[in-house]
Amino acid sequence: MADYIVLDIGGTKIAGALIRNNKIIKKIKLPTEAKSSPQRIIGNTKQTINQLHHSKIKGIGVGIAGQVDQRRGILVSSPNFTKQFKNIGLKKILETEFKKPTIIENDANCFALGEALFGGGKDKTNVIGLTLGTGIGGGIIINKKIYTGSQGMGGELGFMVIRPKNPIKNYRPKDSLEAYASGTAMFSIYRTLSGHTLDPYTIEKKVRQHDKAAVKTMATMSQALADGLSSIISIFNPDIIVLGGGLAELNILIKPAIKEAKNQLPYHLLKKTKIVTAKLGDDAALFGAMALLKK
């Protein structure tokens, strides 16, 4: 009976789980303290593992946001952490500490693999995962394997170029999907339109109250997401796209985007591509990290 420790290290929290027979038997969360020193972040990571560790652990899997050198197990860089937290040999650090085989992978890749093998895409061959949160991450699964690209940067779908049909005056970010359809985008677009600073949940509430700035913010985001989804389908022709992250739960964003994305597609067969929300929720990246350990 093999037990695996898996982590999903984000900018706010470290989610850790003990998985046995493809089931989570224990789960904990600790603060990442992402803007503190590298030593503190690594310490919090070790503390999470220690709370799950026992003598028969088979391996440790880590999903983390940013550019990852999978072969060497190094976090090259990440926008979620302090600037000093780069070129971190996390694999070596954890293997030295815990004496267990360890893998390090981009968190969105882990999310996509988890959904492809155990979640919404488990009966599919080619799956695209898109995480819609503070930023936008992506993972490409081809024949049940992660496509990482030549430098390990494959799947950075949040960086695809998006140019809105109706640009917002005085809002001039880089023309990317992340700049127009993420949680950060929602915050920034609404502030540009209204002059007020609100969190995404309050902005959603104001959409339902027909606040003009909020309605335009959501319409802009939904159109950008539709453009991104139609491009992904046209380029990859996947069996399914699985949407995760907090914004994937906003039907007023997701439903219009899916409908518009399908309308933009030129071929009838492409319109059959399924677009669903994550079945595993926040646990998808944990299951993806486990799957990499079992290979």
Side-chain angles (χ1 to χ4, degrees), residues 67 106-117 119-133 135-168 173-186 189 218-245 247-279 284 288:
Q67 182 184 357
N106 172 269
D107 61 340
N109 284 342
C110 288
F111 163 82
L113 185 63
E115 284 292 332
L117 297 179
K122 68 178 181 180
D123 58 343
K124 307 298 182 184
T125 302
N126 302 311
V127 178
I128 302 292
L130 199 64
T131 56
L132 308 172
I136 293 181
I140 302 166
I141 308 301
I142 300 174
N143 294 325
K144 297 293 186 179
K145 295 182 179 180
I146 298 172
Y147 173 77
T148 57
S150 299
Q151 283 81 39
M153 292 295 289
E156 291 291 345
L157 301 174
F159 296 155
M160 73 169 68
V161 175
I162 298 290
R163 292 194 173 96
K165 297 177 179 64
N166 299 300
I168 295 171
K174 293 180 180 179
D175 290 332
S176 69
L177 180 60
E178 184 170 276
Y180 284 97
S182 64
T184 300
M186 183 186 294
I189 293 170
M218 197 64 67
T220 300
M221 293 178 63
S222 191
Q223 181 62 60
L225 182 56
D227 292 347
L229 290 171
S230 61
S231 295
I232 290 168
I233 293 171
S234 296
I235 294 167
F236 295 104
N237 187 23
D239 297 305
I240 192 170
I241 297 176
V242 183
L243 305 177
L247 294 187
E249 300 174 7
L250 297 184
N251 284 332
I252 57 175
L253 169 67
I254 300 301
K255 284 189 174 180
I258 292 175
K259 182 178 180 180
E260 176 61 18
K262 295 290 184 77
N263 288 339
Q264 290 179 10
L265 293 168
Y267 301 116
H268 178 70
L269 287 176
L270 292 178
K271 296 178 188 289
K272 293 184 177 182
T273 306
K274 288 188 175 182
I275 305 175
V276 302
T277 54
K279 187 175 181 179

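If you're wondering where the values come from, they're calculated on a predicted model, not measured in any experiment.
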Between the side chain of [X] and the main-chain N/O of [Y], is any donor-acceptor distance below 3.5 Å?
X    : Y    : value
N126 : N143 : yes
E178 : G135 : no
T277 : A248 : no
K144 : L117 : no
K274 : I240 : no
K174 : A179 : no
T273 : L270 : yes
S230 : L265 : no
N106 : A108 : yes

Side-chain contact test, heavy atoms from C-beta onward, threshold under 4.5 Å: evaluate it for [X] versus [Y] and give yes or no.
X    : Y    : result
D227 : K165 : yes
L243 : L229 : yes
V127 : D239 : no
L132 : I254 : yes
D107 : T131 : no
E115 : I141 : no
D175 : Y180 : yes
N237 : Y267 : no

When rounded to the nearest 0.5 angstrom, what is the spacing between [atom1] in [X] and [atom2] in [Y]?
X    : Y    : atom1 : atom2 : value
I275 : I128 : CD1   : CD1   : 11.5 Å
K271 : H268 : NZ    : NE2   : 9.0 Å
L253 : L225 : CG    : CG    : 5.5 Å

[X] versus [Y], closest heavy-atom pair with distance:
X    : Y    : value
G133 : L247 : O-CD1, 4.1 Å
I232 : M160 : CG1-CE, 3.5 Å
F236 : I140 : CZ-CD1, 3.5 Å
P256 : S222 : CB-OG, 3.4 Å

I'd like to know whether I136 forms a side-chain contact (heavy atoms from CB on, under 4.5 Å) with L157, so could you lay out the CA-CA distance, the side-chain angles of the two residues, the decisive distance to 0.1 Å, and finally the verdict. CA-CA 7 Å; I136 293 181; L157 301 174; 5.6 Å; no

Check the surroundings of atom CG in N263: do more than 12 heavy atoms from other residues, nucleotides or ligands lie under 6.0 Å from it?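 Yes - once you tally the heavy atoms of other residues, nucleotides and ligands closer than 6.0 Å, there are more than 12.
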
